[in-house]
Participant: 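Please find one structure pasted underneath; my questions will follow.
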Amino acid sequence: MRFYDSFKFFLPEDFVINKRVKRPPDNPINALISFGNTLLYTKTISAIYATHLNQSISFLHEPGESRFSLSLDLSEVFKPVLVFRTIFELVGRKKLRVAKHFDKSLNYALLNESGKNSS
């Protein structure tokens, strides 16, 4: 929780997070984290398919039906570097803005197409 609490010191007020909410995200920063994590998990699953590793064997995450726990485990290492760094860079450089890149009808908790394509 300390990690998320620190966001208020370097992110604009529009992107402040009270707590991590996943399904569904309840604000812009949660939406960005979920979107970034989804992209990372997808890439990790693709990389694991090129190996002989069993997707259901993991160490950190509970294995479950239709869930690739190994990709969740491996993704944890890359989240700070890939997901959070990208979010901080896009928001910090004002390449992502709440009013422009998030769906207003869903309480700004979902990236619109413009937001998904921003870089």
Side-chain angles (χ1 to χ4, degrees):
M1 188 59 183
R2 282 185 182 170
F3 178 65
Y4 297 121
D5 287 341
S6 69
F7 289 13
K8 65 184 170 203
F9 296 112
F10 56 90
L11 290 179
E13 193 174 315
D14 293 2
F15 288 96
V16 171
I17 184 172
N18 294 324
K19 64 179 181 175
R20 179 73 176 110
V21 178
K22 299 175 186 177
R23 294 184 201 118
D26 67 347
N27 60 40
I29 195 71
N30 276 315
L32 288 174
I33 295 168
S34 292
F35 183 66
N37 287 346
T38 298
L39 294 175
L40 180 59
Y41 296 148
T42 303
K43 288 290 187 186
T44 307
I45 288 169
S46 296
I48 293 171
Y49 275 135
T51 70
H52 293 285
L53 297 173
N54 185 335
Q55 292 267 16
S56 63
I57 297 174
S58 60
F59 301 96
L60 300 174
H61 293 84
E62 182 87 19
E65 263 184 65
S66 70
R67 181 171 149 171
F68 298 124
S69 303
L70 181 59
S71 68
L72 297 175
D73 281 5
L74 294 175
S75 295
E76 289 296 324
V77 177
F78 298 102
K79 276 186 199 180
V81 177
L82 297 175
V83 176
F84 289 104
R85 182 175 179 197
T86 302
I87 290 169
F88 299 154
E89 190 171 313
L90 290 172
V91 171
R93 293 187 178 183
K94 298 183 177 164
K95 291 184 177 186
L96 277 177
R97 294 196 171 123
V98 172
K100 183 178 179 183
H101 297 108
F102 290 83
D103 191 338
K104 181 180 180 179
S105 66
L106 296 170
N107 197 27
Y108 298 105
L110 183 68
L111 274 168
N112 60 26
E113 284 305 313
S114 175
K116 290 178 185 175
N117 294 321
S118 289
S119 58

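Model, not experiment: these values are computed from the prediction. Reckoned from all heavy atoms, side chains included, excluding hydrogens, waters and symmetry mates.
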Participant: Quick one: closest heavy-atom pair of A31 and P25, and the distance?
Facilitator: N-CB, 3.5 Å

Participant: Calculate, to the nearest 0.5 Å, the distance between atoms CD and CG belonging to E76 and N37 respectively.
Facilitator: 8.0 Å

Participant: P12: what forms a side-chain contact (heavy atoms from CB on, under 4.5 Å) with it, not counting sequence neighbours?
Facilitator: F15, V91

Participant: Could you work out, with side chain to side chain donor-acceptor pair (under 3.5 Å) as the rule, every residue matching Y49, not counting sequence neighbours?
Facilitator: none

Participant: How far apart are the C-alpha atoms of F3 and I17, what are their side-chain angles, what is the distance that settles it, and do they pass the side-chain contact (heavy atoms from CB on, under 4.5 Å) test?
Facilitator: CA-CA 10 Å; F3 178 65; I17 184 172; over 6 Å; no

Participant: Rounded to the nearest 0.5 Å, how far apart are OG1 of T38 and CD1 of I33?
Facilitator: 11.5 Å

Participant: If the condition is side-chain contact (heavy atoms from CB on, under 4.5 Å), which residues does D73 pass it with, not counting sequence neighbours?
Facilitator: S58, F59, L60, H61

Participant: If the condition is side-chain contact (heavy atoms from CB on, under 4.5 Å), which residues does I48 pass it with, not counting sequence neighbours?
Facilitator: T44, T51, L53, Q55, L70, S71, L74

Participant: Do V16 and F7 belong together in a cluster built from hydrophobic side chains that touch within less than 4.5 Å?
Facilitator: no

Participant: Could you give the distance from OH (Y4) to CG (L11), rounded to the nearest 0.5 Å?
Facilitator: 12.5 Å

Participant: Can you name the residues that form a side chain to side chain donor-acceptor pair (under 3.5 Å) with N30, not counting sequence neighbours?
Facilitator: R20, D26, N27

Participant: Could you list the donor-acceptor pairs under 3.5 angstrom formed by side chains in residues 80-90, with sequence neighbours left out?
Facilitator:
| from | atom 1 | to | atom 2 | distance (Å) |
| --- | --- | --- | --- | --- |
| T86 | OG1 | L82 | O | 2.5 |

Participant: Locate the shortest heavy-atom distance separating Y41 from K79; write the atom from each residue and the value.
Facilitator: OH-NZ, 3.1 Å

Participant: Could you list the residues that satisfy side chain to side chain donor-acceptor pair (under 3.5 Å) with K43, not counting sequence neighbours?
Facilitator: none

